[in-house]
There are 2 protein chains.
Amino acid sequence: MRISDLSEATGVPVATVKYYLRERLLHPGEVVSRTQARYDASHVERLTLVRALTEVGGLSLATARRVLAAIEEPDLSPLDAMAVAQRSLLGEPDAPPEDAGPSCDAAGPPDSRSRRFVAGRGWQVHPGDPVLDQLDAAWEACDRAGLGLDEERMARYADAAEQIGRTDVESVPRTSPQAAVRQVVLGTVLIDPVLVALRRLAQQHVAVSTGSSSRSGMLGP
Amino acid sequence: MRISDLSEATGVPVATVKYYLRERLLHPGEVVSRTQARYDASHVERLTLVRALTEVGGLSLATARRVLAAIEEPDLSPLDAMAVAQRSLLGEPDAPPEDAGPSCDAAGPPDSRSRRFVAGRGWQVHPGDPVLDQLDAAWEACDRAGLGLDEERMARYADAAEQIGRTDVESVPRTSPQAAVRQVVLGTVLIDPVLVALRRLAQQHVAVSTGSSSRSGMLGP
DNA sequence: CAATATTGGAGAGTGATACTCTCCAATGTC
DNA sequence: GACATTGGAGAGTATCACTCTCCAATATTG
């Protein structure tokens, strides 16, 4: 398989494939001569994955590279892989510039609303986990925006999240560790957009079926 | 309140405030003289909101502008506002370049897996809604990536999403239409990161408490 | 009232990201 | 043997979100 075939098989322009090769998002093909390298199914798969992570998952190329590296790491338990994936994802959405929070003195606040909330639910998570900081930031942003996101509503969301988390974990294949890691990492990234879409649709359904609309129906598409 | 006070009150640099004014993300202050304009609480609020939408919600400035416009639209029912918000959000995450799908012939596929799935659940959503296309794209990406996202797993996610959607809709204030629209639109954008974080934490909790780890514990933070 | 600071406005510059284009000689293909 | 393709590298492009520089016209302060 030549580079043009690879391009055709995936729908990614040749120039972009070359760029990905340069940026080490795609492993080099087997060099046949100075002007030819052979690509195979592994390249097609990888390329598809890169596009899925960036286009659907919304990751930057740098983040996608980290996530792919986590998948290919050979000696990693699924739990560790999940940690790596979650950490990789946090590298990019925002560089929290410690703006208005009066509690951000030390590098890691030992106690915060999120930590208390999570502990109160009996969830066992690492107290130093950056996801907790992310939750703090998001929760505070909701407060500042005037959304009434109180503990009760949070608890309902957490119930739903727990259900989702259970489904996530249950669907991890127990065949090979490799497959498990793959599922965990990709599931973390690629299922998010699915859940976001489902939430939007559920909102519509609930709003329509309970007659919350004050006057008109949906706007035409 | 001068521009420097506004800057100080929000933590946003003066140059950036000027930029937002130029880009119409912030309404102009009351002009007092040729070199002075007065800003008030509404500017502080708006600026805070812009930062929340972009930093926490991950929106581009263009999308944030559309979302804010939806909030300020006076004659809009909450349902319509939700539609506007959802539509605004779709403008940017990906410009679906109709790559590998063999089913993308007409502009809007009249029937798709997502549409069938949603219909099968009895959810009432507009069949032309772009969120359905988003769901199709995300679902297909999961398939291509080899995640076994079958209908059963989807059904569980949909159950959780319905719970979330119910909570969303229930928490819409019934006081003024303005407040309702605000809650709906901001809730759509700002609660997403909260849910993502909760999902990550729930995954960890479930994984730890069911002992899915094969060897080691969590990596240190 | 004079020295100094700040403002609005506009334009240009910056750095990051993700490509896309151009060239080239070496090779492959018909 | 003519023509197309390839790998490799560099440079160019477009978008985004700022950030910087300038300026003369005010404001503020001593």
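Below, chain A is the first sequence line, B the second, and so on; all start at residue 1.
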Exercise for the section: Look at the rings of B/His205 and A/Trp123 and say which category their plane angle falls in: under 30° parallel, 30 to 60° tilted, over 60° perpendicular. Expected result: parallel
Fill in the blank from the handout: salt bridge (Lys or Arg N to Asp or Glu O under 4.0 Å) test vs A/Asp133 passes for just one of A/Arg113, A/Arg115, A/Arg87, namely A/Arg115
Looking at [options], which one has an atom nearest to any side-chain atom of [X]?
X	options	value
A/Ala37	D/dG7, D/dA27, C/dA26	D/dG7
B/Ala15	D/dT19, D/dA25, D/dA11	D/dT19
A/Arg34	C/dT6, C/dC19, C/dA26	C/dA26
B/Thr35	D/dA17, D/dA25, D/dG8	D/dA25

Please report, rounded to the nearest Å, how far the [atom2] atom of [N] is from the [atom1] atom of [X].
X	N	atom1	atom2	answer
A/Leu61	C/dT17	CG	P	9 Å
B/Met1	C/dG8	CE	P	13 Å
A/Tyr19	C/dT22	OH	P	18 Å
B/Arg51	D/dA17	CZ	P	11 Å
B/Tyr20	C/dG8	OH	C1'	19 Å
B/Asp5	C/dT6	CG	C1'	11 Å
A/Tyr39	D/dT5	OH	C1'	12 Å
B/His43	C/dG8	NE2	C1'	14 Å

Practice task
Name the residue closer to the 5' end of DNA chain C, choosing between A/Gln36 and B/Arg2 according to the nucleotide with the nearest heavy atom.
Solution key: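 That would be B/Arg2.
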Practice task
Return the 5'-most residue of the pair B/Ile3, A/Pro13 with respect to DNA chain C, ranking by each residue's nearest nucleotide.
Solution key: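 The residue closer to the strand's 5' end, by nearest nucleotide, is B/Ile3.
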Practice task
Answer yes or no: does atom CD of A/Glu23 have more than 12 heavy-atom neighbours from other residues, nucleotides or ligands under 6.0 Å?
Solution key: yes
Handout entry: B/Arg116 atom CZ, over 12 foreign heavy atoms within 6.0 Å
Key = yes
Exercise for the section: State whether the distance check finds a donor on one side and an acceptor on the other, under 3.5 Å, for side chain B/Arg22 versus base C/dG8. Expected result: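 Absent.
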Problem - Presence of A/Thr16 side-chain N/O under 4.0 Å of C/dT20 phosphate oxygens OP1/OP2 - result: yes
Problem - Where B/Val44 and B/Ala9 come nearest, the two heavy atoms and their spacing - result: CG2-CB, 4.4 Å
